[in-house]
K.L.:
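Take a look at the following structure, please.
By convention in this document, chain letters (A, B, ...) are assigned in the order of the sequence lines, proteins followed by strands, and residues within each chain are numbered from 1.
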Amino acid sequence: MVPRVISSLFLEAGFLYLKGGVCMSYVDVFSDIIAKQLNGELTKEEIMNVVEKPKFEGQGDLAFPCFTLAKTMKVAPHKIASDLAQKLEHPLFEKVVSEGPYVNGFLDQTEVSKEVMKTVLEQGRNFGSHEFGHDERIVIDFSSPNIAKPFSMGHLRSTVIGNAISNIAEKCGYQTVKVNHLGDWGTQFGKLIVAYKLWGNEATVREEPIKELLSLYVKFHEEVKNNSDLDELAREWFKKLEDGDEEALNLWRWFRGESLKEFSKIYELLNVAFDSYHGEAFYNDKMKDTITELKRKNLVTHSEGAEVVELSEFNMPPCLLTKSDGATLYATRDLTAAFYRYDNYKFAKSLYVVGHEQSLHFNQLFSVLKKGEYPWADRLEHVPFGFILKDGKKMSTRQGKVVLLEEVIEEAISTARNNIEEKNPELNDKDDVARMVGVGAIIFHDLKNDRKSNIEFSIEDMLRFEGSTGPYVQYTYARTQSILRKAKLEKISTETGLSDPYSWAVIKAIDTFPKTILKAFHGNDPSQIAKYLIDLCRDFNKYYANEKILIDDEGLEARLALVKSVSIVIEEGLNLLGIEAPKAM
RNA sequence: GUCCCGGUAGCUCAGUAGGAUAGAGCAACAGCCUUCUAAGCUGUCGGUCGCAGGUUCGAAUCCUGCUCGGGACGCCA
C-alpha cells in the first residue's frame, strides 16, 4: 500500500488520541487488537480499510464486518464475529460485542469525551486546521460578474462557493489569491454602446445605471430579431473599443465604474473581499503575446479566416483565438489570464468557480495548455456549479428574466428583523443581527446542497429560518453563548468527562470536524461543512432539550466544556462558509 | 446526432473507494414553554432508490442498454 493511502486513512479515522507522544486513532487501536487475534489472516491496514461506523444507535462506535474473512476462513461470518468479539479487550474500549456478522466496539465515553473537549478548548479556532498546504498558493477565480448587467442570483453561487472554498483552503494551510475576473470586455459592450447611442440618454443612465443598462441590453436583443444589421454594428463598435477609439472607451469606462459601485454594495453585504479585480479588459494589451507564444509552440492554425488551436486529439472542437475580423475571444482572454496568473503567483492550484455550462470552454482551455506542454497545465481546475432555474429553465439576462440579488438580500434582512421583533424584542444591535441572520440564511441556502445540482429559485425556501437552515445553526450558536454568559466561568477545566448518550453524540460529531474539512477541501465542496453543521446542531439541540446544563453539581464544568467546544466548532464552521455567528438572536 | 450533468418520501435534498432495518428538512397531523432563547425538542404519516439486465455472499452505490429532465457543441461570454 502506498504511503499516501495510509496517511489519508489515518486522517479519515478521526478520533485522534495522544498517548506517550504517539498519535493513535481509535480505528487504529481497534484494528490493532483485531489483527493480533487473527494470526495474520488480515493485516492491520486491511482491517482499517473495512472498519466502519455502525449503522444504528446502540451498536457502538466502531464496527468490523466479517464477510471477507468468512470466505478465506470458510467459516460463517456470524461465528467469526462472536469468537472474535469475546477475545477483544482494551482499556479504551468499554466493551466489544458481536452482532450478527459484525464486531462492534464501544468506546469509553468518559475518557474519550475528556480527550476531545480538551483538544478543542486548547486549540480553539485552530481546531480542525491542517498544515499540508505549506503556504503554497491557490488562485481562485470566482464571482466574476458581467459589467453593465445586474448582479443576479447566478453570480451569487459563484461568489459564495468561491469565497467558502478560499476559506477552506486557508484552513488547510494554503495562501489564496481571490480573483474577481470581471466580465468587462467583449462583444456585449459593442451591443450596449449601439443600444445606448440609439435609444439611451445620459440622465436616465445616471439615475439608475444598472437598471437602465439592462433594459438597453434587453431592447437590443428584441430589436436585433427584426434588424440583423444591429449585430454587425455591435461587432464594429466592439472592434473600435479594442482599437482604442475614444468615444467607445469613454462609454465603457463610465458603464464599468457605475457597475463596480453597485457590485461593491453587494460584496459588502456578503462580506466578501478580493485580492484582484483584474477582469477581461486587463488582459487586452497582453493578448498579442499569448498568440505569439502559442504560435511559437506551433499550436495555431487558420480556419475560415479565424485563428484556432486544433484539439481533435482531445476529441474536442477547436479553440478559437481570433475571429475573422481579428478581434479576440473569450478563450484568448482566459488563456492570457492563465499565463499571467502563473507568472505572477506560481500557483499550486488555480480554480475557476464558473457555471457548468462552461465545462467545454474550460476543457478546451486546459487542453490548449496541455498541448503546449506547460508543466503547470494540470494544476488548473474548473469547479462547476448548477443553475438557478426559474420554472425549470435557466434564467436569461437577454430576455430580462433575472431576479436581483440585492432585492432578495434586503428581503431576507427585513424578514430576519421581523422575526427578532416577534421573538426577542429585548435584543441589542437588532439591525446588525438581522443582517447577519438574513445574509446567513441566503448563503447557507446556497451552500447546503451539492454545488453541481440545479436549484429552482424559491424565495420561500431562501427566507425559511427553520429546519436545515443558516439561522438554525446561528440560533444554536446563540444558545451556547447565552449559557456561557450565564455560567460566568473564566476558565473551564476538562478534568471530568461526560457519559450520557446525548453528549456522546455531540462529542462524536465534534470529533469529525477535522475530517469534514478535508473532505470539503478535496472535493471543493463547501456543502460538506454546511451538512456537518446541521448534524452537529441537531445533536446539540437534542442534548440541550434533554439535559439541564446549568445545575451547580460536580458535572457542571464538563457540561460547560461541551457547550464551549460546540460553540467554537459552530463559529469556525460558519466562518468557513462566510457566515457570521451572532452572540444572541 | 455527439458529449457532460442529474432522476431517492407529496416537495427540497442527504447518503459512492459495495455492507446491518434507505435518512433529514419542509408540508400534514398530534404533543412539549412557572425550569439554560419554542428560529427549539418529541411522536405519527410517508419510498418498486427512473426502467431492465449484469457482476457480487451482499447494489441507491460498480458495468451495459433504455427512458425522462437540464446543459454544451467555431467566430457570445
Side-chain angles (χ1 to χ4, degrees), chain A residues 5 49-50 52 54-56 59 63 65 67-68 70-71 77 99-102 104 144 146 183 185-188 191 231 234-235 280 303-308 315-325 327-331 333-334 354-361 363-364 384 386-387 389 392-394 397-398 416 419-420 422-424 426-427 437 441 445 448-450 452-456 458 460-461 464-476 478-487 527 531 534-535 537-538 541-542 544-551 559 563 584-585:
Chain A
V5 176
N49 247 330
V50 295
E52 55 188 65
K55 190 95 179 171
F56 301 98
Q59 291 179 322
F67 302 103
T68 43
K71 228 177 200 176
E99 188 172 333
Y102 289 85
N104 293 335
S144 310
N146 293 323
W185 206 250
T187 319
Q188 86 227 31
K191 293 175 182 174
D231 258 337
R235 265 195 290 276
E280 298 185 46
S303 164
E304 297 165 43
E307 292 182 299
V308 307
N315 206 12
M316 259 178 249
C319 177
L320 269 83
L321 300 176
T322 59
K323 301 197 260 186
S324 39
D325 66 359
T328 57
L329 286 151
Y330 186 49
R333 287 188 280 280
D334 264 343
V354 180
H356 69 37
E357 76 275 22
Q358 293 197 28
S359 291
L360 176 62
H361 162 72
N363 278 329
Q364 288 178 304
F387 306 114
L389 303 175
K393 295 263 190 255
K394 193 186 162 188
T397 315
R398 294 182 182 189
N419 278 341
I420 291 169
E422 186 190 318
K423 295 166 197 288
N424 195 358
E426 308 298 310
L427 184 70
V437 173
H445 175 262
K448 72 178 171 181
N449 292 327
D450 187 308
K452 289 192 292 299
S453 42
N454 294 337
I455 298 181
E456 176 67 30
S458 159
E460 293 77 27
D461 278 357
R464 185 162 287 144
F465 290 2
E466 291 152 22
S468 309
T469 65
Y472 172 83
V473 177
Q474 290 171 317
Y475 179 73
T476 310
R479 276 184 155 175
T480 64
Q481 294 306 295
S482 173
I483 290 173
L484 294 171
R485 273 195 300 275
K486 285 185 176 152
S527 79
K531 285 166 205 155
I534 290 293
D535 287 343
C537 290
R538 247 202 297 273
N541 280 321
K542 281 179 193 171
Y544 181 96
N546 286 283
E547 301 285 336
K548 178 82 181 162
I549 295 158
L550 290 173
I551 307 172
R559 292 192 299 270
V563 175
M585 66 186 268

K.L.:
Any base atoms under 4.0 Å from A:Ile549, or only sugar-phosphate, or nothing? Heavy atoms, all strands.
P.N.:
base
K.L.:
Determine the contact category for A:Lys423: base if any of its heavy atoms lies under 4.0 Å from a base atom, sugar-phosphate if only primed atoms, P, OP1 or OP2 are that close, otherwise nothing.
P.N.:
base
K.L.:
Is the shortest side-chain heavy-atom distance between A:Pro384 and A:Gln358 below 4.5 Å?
P.N.:
no
K.L.:
Please give the distance between the P atoms of B:G65 and B:A28 as a whole number of Å.
P.N.:
45 Å
K.L.:
What does A:Val437 touch in the nucleic acid at a heavy-atom separation under 4.0 angstrom: a base, only the sugar-phosphate, or nothing?
P.N.:
base
K.L.:
Between A:Ser324 and A:Glu304, which heavy-atom pair has the shortest distance, and what is it?
P.N.:
CB-O, 4.1 Å
K.L.:
Base, sugar-phosphate alone, or nothing: which one does A:Glu280 contact when heavy atoms must sit under 4.0 Å apart?
P.N.:
sugar-phosphate
K.L.:
Does B:A77 have OP1 or OP2 sitting under 4.0 Å from an N or O in the side chain of A:Arg333?
P.N.:
yes
K.L.:
Using purine N1 to pyrimidine N3 plus N6-O4 or O6-N4 for Watson-Crick, or N1-O2 and O6-N3 for G-U wobble, both under 3.5 Å, which nucleotide pairs with B:C32?
P.N.:
B:G40
K.L.:
In whole angstrom, what separates A:Glu357's CD from B:G6's P?
P.N.:
16 Å
K.L.:
Go ahead and name the base partner of B:C11; Watson-Crick or wobble counts if both distances stay under 3.5 Å, otherwise write none.
P.N.:
B:G25
K.L.:
Could you give the distance from CD1 (A:Ile455) to CG (A:Asp450), rounded to the nearest 0.5 Å?
P.N.:
10.0 Å
K.L.:
Would a 4.5 Å heavy-atom cut-off, applied to side chains only, mark A:Val354 and A:His361 as touching?
P.N.:
no
K.L.:
Under 4.0 Å between a side-chain N/O of A:Arg479 and OP1 or OP2 of B:A38, yes or no?
P.N.:
yes
K.L.:
Quick check on RNA chain B: between A:Asp461 and A:Asn104, whose nearest nucleotide comes earlier from the 5' end?
P.N.:
A:Asp461
K.L.:
Just to be sure I understand the rule, does A:Lys548 reach a base, reach only the sugar-phosphate, or reach nothing, if contact means heavy atoms closer than 4.0 Å?
P.N.:
base
K.L.:
What does A:Pro65 touch in the nucleic acid at a heavy-atom separation under 4.0 angstrom: a base, only the sugar-phosphate, or nothing?
P.N.:
nothing
K.L.:
If you only use heavy atoms from C-beta on, which nucleotide in B:C73, B:A20, B:G70 is closest to the side chain of A:Gln59?
P.N.:
B:A20
K.L.:
Rounded to whole angstrom units, what separation is found between the CG atom of A:Leu321 and the C1' atom of B:C76?
P.N.:
16 Å
K.L.:
With syn defined as a glycosidic torsion within 90 degrees of 0 and anti otherwise, which applies to B:G7?
P.N.:
anti
K.L.:
Given atom CG of A:Asn363 and atom P of B:G71, what is their separation to the nearest angstrom?
P.N.:
19 Å
K.L.:
P atom, B:C62 versus B:A77: distance in rounded Å?
P.N.:
38 Å
K.L.:
Need one value for A:Leu360: base, sugar-phosphate or nothing, where a base atom within 4.0 Å counts as base even if backbone is also close, heavy atoms only.
P.N.:
sugar-phosphate
K.L.:
Does B:C29 fall in syn (glycosidic angle within 90° of 0) or anti?
P.N.:
anti
K.L.:
Tell me the interatomic distance from A:Asn454, atom CG, to B:U12, atom P, rounded to whole angstroms.
P.N.:
12 Å
K.L.:
What is the nucleic acid contact for A:Thr187, judged by heavy atoms within less than 4.0 Å: base, sugar-phosphate only, or nothing?
P.N.:
sugar-phosphate
K.L.:
On a heavy-atom basis, which atom in A:Ser468 and which in A:Ile534 lie closest, and how many Å separate them?
P.N.:
CA-CD1, 3.5 Å
K.L.:
Hey, does the side chain of A:Tyr544 come within less than 4.0 Å of B:U42's phosphate (OP1/OP2), counting only N and O?
P.N.:
no
K.L.:
Output the rounded distance in Å from CZ (A:Arg464) to P (B:G40).
P.N.:
12 Å
K.L.:
Here's a test of your reading of the structure: between A:Ser468 and A:Asn449, which maps to the more 5' nucleotide of RNA chain B?
P.N.:
A:Asn449
K.L.:
Distance check needed: B:C41 C1' versus A:Ile534 CD1, whole Å only.
P.N.:
15 Å
K.L.:
Measure from the side-chain N and O atoms of A:Gln364 to the backbone N and O of A:Pro318, and report whether any donor-acceptor pair falls under 3.5 Å.
P.N.:
yes
K.L.:
Scan A:Asp450 against the nucleic acid and name what it touches under 4.0 Å (heavy atoms): base, sugar-phosphate only, or nothing.
P.N.:
sugar-phosphate
K.L.:
Checking all strands, does A:Ala584 fall into the base, sugar-phosphate, or nothing category for heavy-atom contacts under 4.0 angstrom?
P.N.:
base
K.L.:
Need one value for A:Arg235: base, sugar-phosphate or nothing, where a base atom within 4.0 Å counts as base even if backbone is also close, heavy atoms only.
P.N.:
sugar-phosphate
K.L.:
Using purine N1 to pyrimidine N3 plus N6-O4 or O6-N4 for Watson-Crick, or N1-O2 and O6-N3 for G-U wobble, each under 3.5 Å, what pairs with B:A17?
P.N.:
none
K.L.:
Tell me the interatomic distance from A:Lys452, atom NZ, to B:G69, atom P, rounded to whole angstroms.
P.N.:
23 Å
K.L.:
Taking only the side-chain heavy atoms of A:Pro54 (C-beta and beyond), determine which of B:A20, B:G71, B:A39 contains the nearest atom.
P.N.:
B:A20
K.L.:
Tell me the partner of B:A72, counting only Watson-Crick (N1-N3 plus N6-O4 or O6-N4) or G-U wobble (N1-O2 and O6-N3) with both under 3.5 Å; none if nothing fits.
P.N.:
B:U2
K.L.:
Below 4.0 angstrom from OP1 or OP2 of B:C76, is there any side-chain N or O of A:Lys323?
P.N.:
yes
K.L.:
If you measure from the P atom in B:U42 to the same atom in B:A24, how many Å do you get, rounded?
P.N.:
10 Å
K.L.:
On a whole-Å scale, what distance lies between the P atoms belonging to B:G10 and B:G6?
P.N.:
23 Å
K.L.:
For A:Ala416 and A:Phe465, which heavy atoms make the closest approach, and how far apart are they?
P.N.:
CA-CE2, 3.5 Å
K.L.:
State which of B:C57, B:A39, B:A77 makes the closest approach to the side chain of A:Lys71.
P.N.:
B:C57
K.L.:
Within the 4.0 Å heavy-atom criterion, would you say A:Asn541 contacts the bases, only the backbone, or no part of the nucleic acid?
P.N.:
sugar-phosphate
K.L.:
Choosing from B:C26, B:G74, B:A77, which nucleotide comes nearest the side chain of A:Tyr330?
P.N.:
B:A77
K.L.:
With a 4.5 Å heavy-atom cut-off, do A:Ile551 and A:Arg559 have their side chains touching?
P.N.:
yes
K.L.:
Say we look at B:A60 and B:A9: how far apart would their P atoms be, to the nearest angstrom?
P.N.:
15 Å
K.L.:
Do A:Asn424 and A:Met585 have side chains that approach each other closer than 4.5 Å (heavy atoms only, starting at C-beta)?
P.N.:
no
K.L.:
Quantified in whole Å, what is the C1' atom distance between nucleotide B:A14 and nucleotide B:G23?
P.N.:
7 Å
K.L.:
If we take the C1' atom in both B:G7 and B:U12, what is their distance in whole Å?
P.N.:
14 Å
K.L.:
So A:Leu427, base contact, sugar-phosphate only, or nothing? Heavy-atom distance under 4.0 Å.
P.N.:
nothing
K.L.:
Using the P atom as the point on both nucleotides, what is the distance between B:A30 and B:C45, in whole Å?
P.N.:
15 Å
K.L.:
Quick one: label A:Ala63 by what it contacts on the DNA or RNA (base, sugar-phosphate, nothing), any heavy atom closer than 4.0 Å.
P.N.:
base
K.L.:
Tell me the interatomic distance from A:Glu460, atom CD, to B:C26, atom P, rounded to whole angstroms.
P.N.:
16 Å
